[in-house]
2 protein chains.
Amino acid sequence: MSTDSSRIPRSPGTAPTGTAGLRVDARHNRDRIVEAAREAFSELGIDVPMAAIARRARVGVATLYRRFPTRESLVTEVFAEQLTECASVVDDALAEPDAWHGFRTLIEKVCAMQALDRGFTEAFLSAFPDALDYERTRVRAEQGLAELVRRAQASGRLRADFAPEDVVLVLMANSGLVAGSARSAPAASRRLVAYLIESFRADRAAPDEPLPPTAPLSLGHLGLPGSGTGRSG
Amino acid sequence: MSTDSSRIPRSPGTAPTGTAGLRVDARHNRDRIVEAAREAFSELGIDVPMAAIARRARVGVATLYRRFPTRESLVTEVFAEQLTECASVVDDALAEPDAWHGFRTLIEKVCAMQALDRGFTEAFLSAFPDALDYERTRVRAEQGLAELVRRAQASGRLRADFAPEDVVLVLMANSGLVAGSARSAPAASRRLVAYLIESFRADRAAPDEPLPPTAPLSLGHLGLPGSGTGRSG
DNA sequence: GGACAAACGGAGAAGGCCGTCCACTTGTCG
DNA sequence: CGACAAGTGGACGGCCTTCTCCGTTTGTCC
């Protein structure tokens, strides 16, 4: 804000929610907020009240709102790390010599991430149109994904009619499991992914490994809380 | 219904939300409420405010609450028809001479129903533990389902390691699509189901029909409202 | 150490939804 | 037609959430 020599509150060009130029106590509080939010989102879902996050961080509500004016900005911050991890999973997959194995591992890894963190899935699903970092990372992920699919198909292991959009299909389907069965989500997810992967193989004649075990689901357990709330709304 | 001559407000043993013994205007209003609720649930999701339903039905809130003391009772009423339709789909499948074809058609039909009505899926997912009709129908559906799976496996067309719980897996996965992509849900659902069905076949060497076309999805469209709200919370 | 801006926390306004209460209207039966 | 119970609608209190205002505290720099 100043053009003067010292006491520069914030360097120009820094994101307003960034940590630069903050007083040390403020920075400390900000970190605690992010950590508290991470926990809260993971346990209670993305719709947890702001006040609950503030309480967890032992901070006033005003402090929270000062750092993160909207819930969206907080969510973006919290999941930025995991999102870039997601993107790096794509890079890893591309680096693999065996494209099919890379493809397969990618699907499995991302779905496992989704299954482990309720908030992550929800954050993914709420799809902020204007979160810049998200947008950039997303585009990169999409391009990498398309390339990966192309290579896996060229190798003859991935069926030719598989479309890159089908990855989104898988993620959405997987998110349905996560939303529906909180506790058994990881197991259920593994099994679903195994089924799908089998279906994605070009040579479906060859037997795959045995399926992961079934999760203890029944029509009655459909959507009943496994350990969380069971539904978002 | 009655053991007496006249003016009996309500016969004992009749369900409290039933339509019996209501004054004609009241019955009329009740019908309008159910219809309004059906529309509202389908368009806006199951969490639509009670007041909105009342307004749609051109009825006071009190009238709505008098007929349906809880949101759950209203949902139960609204989806009872579709639920029994669901159950009859199981019966149809059991009646088919070709067990595999019955199994396959069942999955496809139920998923299509889910994809068409946002509210239906949500109602299914919220899993009312004490809605009696639901419970009875559910148990019947579960037993029929198990039988169907057994027969389809006996016929050698359904893979032996398929578990009846896997049907729930499919429904949950499908509900993820419906929640995530409102407008393109039917198309997306068809494709997902096609993939899964292929994977469920015992003889995966034989080529299936071509896949249904991809829905226009991208990572960016993940969860963005196709035409509805995109998320329940 | 002292001055000052940065940062803080809690109170509370605003808005939304739920579910109830009660004074008024209307269908029904004799 | 007249009486009365059944039925109705809207206002209202309670609760929960979001977000802001403002008096007080605290870190930082000279």
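The model shown is predicted, which means the values in this text are computed figures rather than measured ones. Side chains are part of it too, since the values below use all heavy atoms of this structure and drop only hydrogens, waters and symmetry mates. Within every chain, numbering begins at 1; the chains are lettered A, B, ... in the order of the sequence lines, protein sequences first and strands thereafter.
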Item to complete: Tell me whether the OP1 or OP2 atom of D:dG7 has a side-chain N or O from B:Asn29 closer than 4.0 Å.
Response: no
Ranking C:dC18, C:dC8, D:dT8 by distance to the side chain of B:Pro49, first place goes to C:dC18
Side-chain atoms of A:Asp25 come closest, of D:dG7, D:dG9, D:dG27, to D:dG27
Below 3.5 Å is the cut-off: list the nitrogen or oxygen pairs between protein and nucleotides 20-23 of chain C, distance only.
none

Report task. Just call it for A:Arg58: base, sugar-phosphate, or nothing, with non-hydrogen atoms closer than 4.0 Å on any strand. Result -> sugar-phosphate
side-chain contact (heavy atoms from CB on, under 4.5 Å) test vs A:Leu106 passes for just one of A:Leu145, A:Leu94, A:Asp92, A:Asp91, namely A:Leu145
Whole-Å distance, A:Leu64 CG to C:dA7 P, equals 15 Å
Of D:dG7, C:dA7, C:dC18, the nucleotide closest to the side chain of A:Ala26 is C:dA7
### Heavy-atom donor-acceptor pair, A:Arg191 side chain to A:Pro212 backbone, under 3.5 Å
yes
- Would you classify B:Arg27 as touching base, sugar-phosphate or nothing, given that sugar-phosphate means primed atoms plus P, OP1 and OP2, and contacts are heavy atoms under 4.0 Å? nothing
Assign each of A:Arg32 and B:Met50 the nucleotide of DNA chain C bearing its closest heavy atom; nearer the 5' end lies the nucleotide of A:Arg32
In whole angstroms, the gap separating C1' of D:dT17 from CD1 of A:Ile53 amounts to 13 Å
Rounded to whole Å, the NE2-C1' distance (A:His28 to C:dA7) equals 15 Å
From the candidates C:dG9, C:dA7, D:dG7, the one with an atom nearest any side-chain atom of A:Val59 is C:dG9
B:Arg30 side-chain N/O to D:dG7 phosphate OP1/OP2 under 4.0 Å: no
Walking DNA chain C from its 5' end, the first of B:Ala51 and B:Val24 to be reached, judged by nearest nucleotide, is B:Ala51
For this session: Assign the ring pair A:Phe79 / A:Phe41 to parallel, tilted or perpendicular, where the plane angle (0 to 90°) is split at 30° and 60°.
Result: parallel
| query | Under a 4.0 Å N-O cut-off, is there an ion pair linking B:Lys109 with B:Glu85? | reply | no
Check: If only atom types and distance count, is the side chain of A:Thr63 paired as donor or acceptor with the main-chain N or O of A:Val59 below 3.5 Å?
Finding: no
Would you say a side-chain N or O of A:Thr63 is under 4.0 Å from OP1 or OP2 of C:dA7? no
Is a side-chain donor or acceptor of A:Thr70 paired with a backbone partner of A:Ser73 at a separation under 3.5 angstrom? yes
Check the pair B:Ser189, B:Asn174 against side chain to side chain donor-acceptor pair (under 3.5 Å), reporting the backbone distance first and the verdict last. CA-CA 6 Å; B:Ser189 170; B:Asn174 194 58; 2.7 Å; yes
**Item:** B:Arg38 bridged to B:Asp117 by N-O distance under 4.0 Å
**Value:** no
Go through the steps for A:Ile53 and A:Val48 under the test side-chain contact (heavy atoms from CB on, under 4.5 Å), then give the verdict. CA-CA 8 Å; A:Ile53 299 175; A:Val48 62; 3.9 Å; yes
To the nearest angstrom, the CZ-C1' distance between A:Arg55 and C:dG9 comes to 14 Å
B:Leu22 CG to D:dA5 P, in whole Å, measures 18 Å
Per the under-4.0 Å heavy-atom filter, residues of residues 35-42 of chain B near DNA chain C come out as none
Rounding to 0.5 Å, atoms CD (B:Glu77) and CZ (B:Arg67) come to a distance of 12.0 Å
Check: So does A:Arg23 reach the base of C:dA7 with its side chain, donor to acceptor, closer than 3.5 Å?
Finding: no
